[in-house]
Amino acid sequence: MKSSKMSGAVVPHVRSDSESDDDRRPAPATTVRTIRRQRSIHRLLGGRKVADVLLWRNRNLSAGILAGAALTWFLFDVAEYNAVTLLCHAVLLGMLLLFLWNVAAPLVDRAPPRIPEVIVSEHAFREAALTVHRKLEHSVAVLYDIACGKDLKKFLTVVGSLWVLAVIGDNCSFTSLLFVGFLCALTIPALYERYETEVDHLVAKGGEDLKKFYRKVDSNVLNKIPRGPIKRRVN
């Protein structure tokens, strides 16, 4: 009876020498980061019509906006149209079409064209103005905090980014820069949503490689730099 009871007892796990410390290490940062981020890309982008356009949920609308941006870039940057000239030509074309429609309407027994009284409602215009004001106020406040030097890392990052943008703007036209930014906004979120797992894996792997490289530089170079004796303060 004793032996049967002992045979049914649970033997506690004893760690053997063959088990390395790697078996007891926590899960990698990629798994933790994937579990933590439960919000989708659509929600991170606002979850509204803008997110639908950026993620190509409505392909016809996204393709139309991209085609319009490409046409605008072609007219201003390739054909070298002036903004005033293009606006005048567009208004002339619209007036000509309205004139022909108004003249031909009685002949084909159709009603003449009518321009809507309210193109943009006052409420929508006010909401857009308030949104732009809030975004601008928040951006100015963030830039003010960074410029005050509260976070040196952010300060150097912003200064470096502005310098890179200044160099790019010196070599590219403003229209080309806007078109490239618009193209990136319409392609990168959609591609990331499609290949999210692969991109997260590559980013995590790149981060680990950078950490390993920093450890090597720290151990082989930085730690070998001679330092002077540390003077202790005498109370």
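Residue indices begin at 1 and follow the sequence shown.
Every residue meeting the ring pair (Phe, Tyr, Trp, His ring centres under 6.0 Å) condition with Y81, not counting sequence neighbours, appears here in chain and number order: H89. Evaluation of the ring pair (Phe, Tyr, Trp, His ring centres under 6.0 Å) rule for F179 yields W73 as partners, not counting sequence neighbours. In this view, E127 satisfies the side-chain hydrogen bond (donor to acceptor under 3.5 Å, both in side chains) rule with no residue, not counting sequence neighbours. In this structure W56 satisfies the ring pair (Phe, Tyr, Trp, His ring centres under 6.0 Å) test with no other residue, sequence neighbours excluded.
Within the 4.5 Å cutoff, no side-chain heavy atoms of D209 are placed close to those of F213.
S62 and L186 make their closest contact through O-CD1, 4.4 Å (heavy atoms, listed as atom of the first residue, atom of the second, distance).
Pairs passing the ring pair (Phe, Tyr, Trp, His ring centres under 6.0 Å) check and including a residue from residues 136-160, sequence neighbours excluded, do not occur.
Each of F125 and L130 belongs to its own hydrophobic cluster when Ile, Leu, Val, Met, Phe, Trp and Tyr are linked at side-chain heavy-atom distances under 4.5 angstrom.
Chaining together hydrophobic side chains whose heavy atoms lie under 4.5 Å apart places V103 alongside L96, F99, L100.
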Full working for side chain to side chain contact (heavy atoms under 4.5 Å, CB included) between L66 and L183: CA-CA 7 Å; L66 183 60; L183 187 63; 3.6 Å; yes
Using the side chain to side chain contact (heavy atoms under 4.5 Å, CB included) rule, take T175 and T72 through it: C-alpha gap first, then chi angles, then the decisive distance, then the call. CA-CA 9 Å; T175 313; T72 304; 5.5 Å; no
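Remark: R57 CZ is packed, more than 12 non-hydrogen atoms of other residues, nucleotides or ligands lying under 6.0 Å away.
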